[in-house]
Amino acid sequence: MINNKLAKAVRLAMAFGAASTVALSANVSAAEEGAEEVERIEVTGSRIKRTDLESAVPVTTFTAADIMASGAPTLEQFVQALPLANGGQFGSNVNNGGSGTVTMNLRGLGSSRTLVLVNGRRYSGDISAVPMAAIKRVDILRDGASTVYGSDAIAGVVNFITNSDFEGAQVDVRTQQSSESDGKTKSVNFLAGTSSDKGNIIFSGTYEKRDAVYGSQRDFSACPPTELDTDGDGTNDDLGCGGSATTMPGSVWSPSHGFGQMDGNGGVRAITDEERFNYAALSILYQPLEKHSFFTQADYELIDDGFSTVNFFAEAAYTNRVSNTQMAPVGTFWGVEVPATNPGNDLGETAYAYRRLAEAGGRTWKREVNEFNLTLGFKGELEDSGIYWDASYMRAKRRTDTNAGGRVHQERAGILTSPELCAANSDCPDVWNPFAKDTLTQEMQDWIIVPMTSTAEGEDTQLQINLAGDLGDIELPAGAISWAGGYERLTTSYVSTPDGAAGLGAIYGVAAEGTEGAFTTDAFYLELNLPILSDMPFAERLDLSLAARSTDVSVINDKEVTTKIGLEWRPSDELLVRTSLSEGFRTPGVSTLFAPRANSAESYSDPCENYGSNASASATLKANCAADGLATDWAPLTDQAGAWTGGNPDLGPEKSESLTIGVVYSPNFIEGFSVTLDYYDLEITDVIGSLGMGTIATECYNSENFSSPMCDQIKGPAAYGEQGGPRRNSLGNLSGVDLSTQNLGFFNASGIDFNINYTMDIAAGNLDFNLEGTRALVLEHLEAEGLETTELAGYYGNDVANGGKGSFPEWKSTFRTRFSADNFTVTHNMHYQSAVDDYAPVETNLSNDVEAMVYHDISASYFLENVTLSAGINNLTDKQPPYVSNGTNGYLIRSHRLTGRQYHLTASLKF
């Protein structure tokens with residue numbers, strides 16, 4: 001396969017080269033012609049010291065000024081708005097399942113395949129912990145880099161570079177709020193630094209506080225949408241307010257009467273839409289947060305002559321973050337048993353109640369994260385050799401304390417509803433009638449509503465030894481061979497301790513077991529850069545780069561060897577043509593390996609919904625739905641299935657191959673103009689993930705007599721502790737579905753990244769245009785062997801790489817227009833996402849597509865001697881998320897902006 005990609009690289013290189021001689025141009029060298037000595041620097045994607053900023057791998061750089069001009073108040077909003085971020089993003093927009101952690105999903109391949117670095121060293125992966133006040137620039141490597149950085153660098157690398165040479169002091173005060181006067185964010189950033197002939201030191205600090213936005217505060221999220229067929233033609237044509245069939249007062253199921261609401265005459269009737277419970281209004285739409293973070297970095301010269309210079313360097317970072325999530329009140333989702341002796345049960349037989357415990361308020365999670373990183377090291381240059389060295393040790397600790405409220409003690413709930421069990425238990429306050437409103441007294445709440453605390457601790461260490469230089473007198477015709485090599489040892493450990501009551505299995509929906517595991521990684525790497533040609537016709541420079549890495553992970557049987565080859569060709573000083581071919585891998589994390597089985601409510605589209613009128617439903621599907629006792633016009637009472645998630649200690653690594661080829665063109669005859677085009681082609685095999693609920697349901701129900709292996713994943717309600725049949729609970733939803741992690745199928749991704757920039761002098765200032773974007777040509781996924789490949793580019797649906805539901809537009813771009821004068825700057829950013837369709841559409845749905853989305857952000861800055869004032873409006877046109885039938889409560893919350901128009905104001909003081 002790698003030979004095929006190599007041949008493809010050669011063909012594409014020739015094609016790009018031919019095209020570029022007409023319309024494209026090259027990179028600008030960091031060294032000016034005639035300079036006697038140029039500082040060598042390390043560029044993201046390689047540890048070889050070099051003198052020019054462009055290399056064989058594509059890197060996009062954003063400065064602190066770019067971040068400010070974007071109007072983004074946090075690094076989260078900045079990086080997740082970039083065109084390279086595709087699919088569902090995870091951060092403040094995720095309430096159900098959210099933890100306050102912020103990640104970046106490059107190319108829609110999942111945040112776990114994007115490596116996060118700070119100053120070239122591994123970081124926790126949580127972007128909210130990156131010291132924003134100290135950031136000088138952000139480098140995004142748009143290529144695999146496992147040969148340099150090891151595991152996880154498959155889709156790309158995000159490297160945050162700090163402002164190590166800052167001198168003076170600066171304070172930034174910022175406020176932001178929506179046009180609805182909610183979601184207020186306030187932050188204060190501080191940065192100070194000083195330097196001398198011997199070294200430098202900086203210190204930064206950040207305080208940030210963000211208020212919540214609740215579902216009830218936006219029209220689109222005030223209630224769960226339900227689709228209506230108002231004209232009876234079998235196709236939904238309107239929206240109404242829906243909700244959960246776990247209601248207040250409780251709904252009921254019994255063997256003789258089925259499911260519904262008690263009718264007061266010893267029978268059961270259907271639930272009306274008005275009786276469904278509105279779980280959306282109390283849920284958080286935009287997570288609140290309070291954060292304190294500090295960062296310091298120092299470099300001091302110890303020895304400046306002799307065998308080697310020696311500098312001591314250190315970095316230390318600390319972040320304390322408190323975030324909150326809230327959902328609707330807990331319910332007896334499993335169906336609490338209510339014997340015929342209960343005063344509220346007039347059915348004459350044992351019944352099962354599905355009751356919201358609304359008297360107890362919502363379910364809440366308060367997570368406090370404390371993260372500490374410390375790096376100590378030495379570096380220097382060997383005398384008269386041009387060999388640079390560094391050795392460092394990093395230790396990072398992360399502790400998360402979670403306080404959860406509003407969870408129900410399952411056993412005690414069953415005692416409350418049984419007169420016999422309650423009488424036999426001296427702690428039982430009274431018998432509870434779940435079929436009446438406001439019957440859960442405070443005494444009952446105190447007994448069955450259980451607060452929980454849990455703790456998770458992770459620790460990582462990294463020992464690095466790096467050497468870089470050239471081979472001195474051993475030269476090729478175009479110059480000396482440069483190289484870099486080194487050794488790295490990583491240790492990773494994780495311990496999760498559940499609440500005591502949860503550990504006894506008493507809390508519904510909470511794993512009884514904790515997670516504990518650790519592994520070590522040892523790696524050696526070597527890079528070479530061979531200058532083949534220089535100063536020749538059509539070859540001002542031709543360089544070949546080679547790299548290899550050997551990695552030994554204690555939890556994986558075999559060593560992993562990854563290689564990379566790159567080529568840089570500069571036909572002239574205007575043009576750079578580059579290509580690289582690399583292998584990569586990703587080690588499963590501790591929780592992925594060892595997490596215990598936990599209950600999870602998974603959203604999905606049921607293939608049996610209205611199967612009688614579904615023209616695309618097969619005869620097999622209809623027969624299977626009928627076999628489950630579902631009526632032809634059956635519609636689910638909720639879109640969630642009862643499932644288990646958990647780790648798998650037998651997982652192996654993912655493996656990848658990637659190809660990039662591109663051009664950088666800066667024509668001398670058009671001053672201020674440049675074009676960059678990069679083609680990428682990436683294949684990931686043995687993908688670590690879980691089967692999707694929709695996949696399991698669709699494949700199972702479209703197989704004759706439930707013969708598909710996917711049906712084996714459905715263990716049924718009895719195994720899940722619910723009432724019902726072989727596959728479905730008494731509500732009609734699938735139950736007991738095993739979603740444990742596995743090595744599954746593959747991802748294939750290819751496309752073109754582009755960046756066009758033109759700067760011109762106009763009037764009394766400078767006008768800059770920049771178009772940056774990505775065209776996804778292919779983003780296909782095979783979920784498991786034996787299934788059909790799913791094309792994701794141009795579609796939305798289950799985000800198998802990053803969780804939840806995501807949108808994968810074929811085109812994503814940002815067009816920036818900026819005018820700068822001596823004392824002010826005005827910027828307009830237009831963010832574009834092309835239209836997408838549901839990749840698993842249902843003909844009767846109201847909405848199976850999303851039109852193209854465009855967001856407009858404007859900002860302006862005014863510069864005084866020591867003060868900068870900035871203001872702006874994000875989402876100028878107040879674009880609201882569009883409704884989709886197959887969304888999270890009807891919306892793509894991980895891909896679209898949720899809070900509407902936002903205003904922001906910043907004051908910066910330098911002294």
Side-chain angles (χ1 to χ4, degrees), residues 24-28 30 41-46 50 52-70 72 75-86 89 104-109 111 113-120 127 130 135-145 148-149 153-161 566 568 576-580 582 658 660-666 673-680 682 749 751-759 768-776 811-816 818 827 829 831-832:
L24 300 175
S25 104
N27 142 76
V28 179
I41 60 174
E42 185 178 302
V43 178
T44 298
S46 173
R50 55 189 299 139
D52 53 2
L53 301 179
E54 291 287 357
S55 66
V57 293
V59 177
T60 301
T61 296
F62 300 94
T63 66
D66 294 327
I67 298 173
M68 174 176 286
S70 73
L75 287 174
E76 171 189 359
Q77 294 187 25
F78 175 73
V79 299
Q80 292 187 353
L82 297 175
L84 287 169
N86 209 341
Q89 304 299 319
M104 186 175 182
N105 182 3
L106 283 179
R107 304 204 188 285
L109 295 172
S111 58
R113 299 174 186 89
T114 300
L115 181 62
V116 176
L117 307 174
V118 173
N119 294 326
I127 292 175
V130 173
I135 296 303
K136 182 178 184 178
R137 72 174 197 269
V138 181
D139 289 347
I140 299 181
L141 172 61
R142 298 174 278 112
D143 188 17
V148 178
Y149 300 117
I154 287 182
V157 177
V158 182
N159 189 11
F160 295 92
I161 309 298
E568 300 172 59
L576 166 68
V577 180
R578 61 190 176 195
T579 185
S580 68
S582 64
S658 62
T660 65
I661 183 167
V663 293
V664 185
Y665 181 55
S666 300
F673 178 78
S674 65
V675 175
T676 301
L677 292 176
D678 286 291
Y679 170 83
Y680 66 88
L682 174 63
I752 298 174
D753 300 327
F754 53 90
N755 188 298
I756 304 172
N757 195 82
Y758 181 55
T759 303
D768 174 65
F769 301 97
N770 179 264
L771 176 63
E772 179 195 6
T774 295
R775 168 65 162 97
W811 292 91
K812 283 195 74 176
S813 63
T814 298
F815 181 63
R816 185 191 69 211
R818 179 189 299 168
T827 304
N829 287 305
H831 304 277
Y832 173 79

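- Going from atom CG of Leu771 over to atom OG of Ser813 covers 5.5 Å, rounded to the nearest 0.5 Å.
- Between Val57 and Thr660, the closest side-chain pair of non-hydrogen atoms is not below 4.5 Å.
- Side-chain contact between Asp753 and Pro58 is absent, with no heavy-atom pair separated by less than 4.5 Å.
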Problem set entry | Ile756 vs Phe769, side chain to side chain contact (heavy atoms under 4.5 Å, CB included): CA-CA, chis, key distance, verdict | CA-CA 8 Å; Ile756 304 172; Phe769 301 97; over 6 Å; no
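- Between Met68 and Thr827, the closest side-chain pair of non-hydrogen atoms is not below 4.5 Å.
- Among all heavy-atom pairs drawn from Ser658 and Gly144, the shortest one is OG-N, 3.9 Å.
- Here the shortest heavy-atom pairing between Phe754 and Arg775 reads CE2-N, 4.1 Å.
- Listed by chain and number, the residues in a ring-ring contact (aromatic ring centres under 6.0 Å, His included) with Tyr832 amount to none (sequence neighbours excluded).
- A donor-acceptor contact shorter than 3.5 Å is absent between the side chain of Tyr149 and the backbone of Val116.
- Every residue meeting the side-chain contact (heavy atoms from CB on, under 4.5 Å) condition with Ala776, not counting sequence neighbours, appears here in chain and number order: Tyr680, Ala793.
- Here the side chains of Val663 and Val675 are not in contact, with every heavy-atom distance at 4.5 Å or above.
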For this session: Begin from the C-alpha positions of Val158 and Val138 and carry the test side chain to side chain contact (heavy atoms under 4.5 Å, CB included) through to its verdict.
Result: CA-CA 7 Å; Val158 182; Val138 181; 3.9 Å; yes
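- Here the side chains of Met104 and Ile140 are in contact, with some heavy-atom distance below 4.5 Å.
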For this session: Dump the intermediate steps for side chain to side chain contact (heavy atoms under 4.5 Å, CB included) on Gln80 and Ile127, then the final yes or no.
Result: CA-CA 10 Å; Gln80 292 187 353; Ile127 292 175; over 6 Å; no
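- Side chains of Arg107 and Leu84 form a contact here, defined as non-hydrogen atoms less than 4.5 Å apart.
- Residues Glu568 and Leu576 meet the side-chain proximity criterion, which asks for heavy atoms closer than 4.5 Å.
- Atom CD1 in Ile161 sits 8.0 Å away from atom CG in Leu117 (nearest 0.5 Å).
- With sequence neighbours excluded, the residues that form a side-chain contact (heavy atoms from CB on, under 4.5 Å) with Asn105 are Gln89, Asp799, Asn802.
- Between Leu109 and Leu682 the shortest side-chain heavy-atom distance falls below 4.5 Å.
- Applying the side-chain contact (heavy atoms from CB on, under 4.5 Å) rule to Glu772 yields the partners Thr60, Phe62, Pro83, Asn755, Asn770; only residues at least two apart in sequence or on another chain are considered.
- Ile135 and Ala64 make their closest contact through O-CB, 3.7 Å (heavy atoms, listed as atom of the first residue, atom of the second, distance).
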For this session: Could you walk me through whether Ser70 and Asn829 pass side chain to side chain donor-acceptor pair (under 3.5 Å), step by step?
Result: CA-CA 7 Å; Ser70 73; Asn829 287 305; 5.8 Å; no
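- In this view, Glu76 and Ser92 satisfy the side chain to side chain donor-acceptor pair (under 3.5 Å) rule, not counting sequence neighbours.
- In this view, Thr759 and Asn757, Asp768 satisfy the side chain to side chain donor-acceptor pair (under 3.5 Å) rule, not counting sequence neighbours.
- Taking every heavy atom of both residues into account, Val148 and Gly45 meet most closely at CG2-O, 3.5 Å.
- Here Tyr679 contributes atom OH and Thr579 contributes atom OG1; the two are 10.5 Å apart, rounded to the nearest 0.5 Å.
- For the pair Asp678 and Arg578, the salt-bridge criterion is met [side-chain N within less than 4.0 Å of a carboxylate O].
- Paired with Asn159 under the rule side chain to side chain donor-acceptor pair (under 3.5 Å), one option of Asn119, Thr61, Thr44 passes, and it is Thr44.
- With rounding to the nearest 0.5 Å, the separation of CD1 in Ile67 from CD in Gln77 is 12.5 Å.
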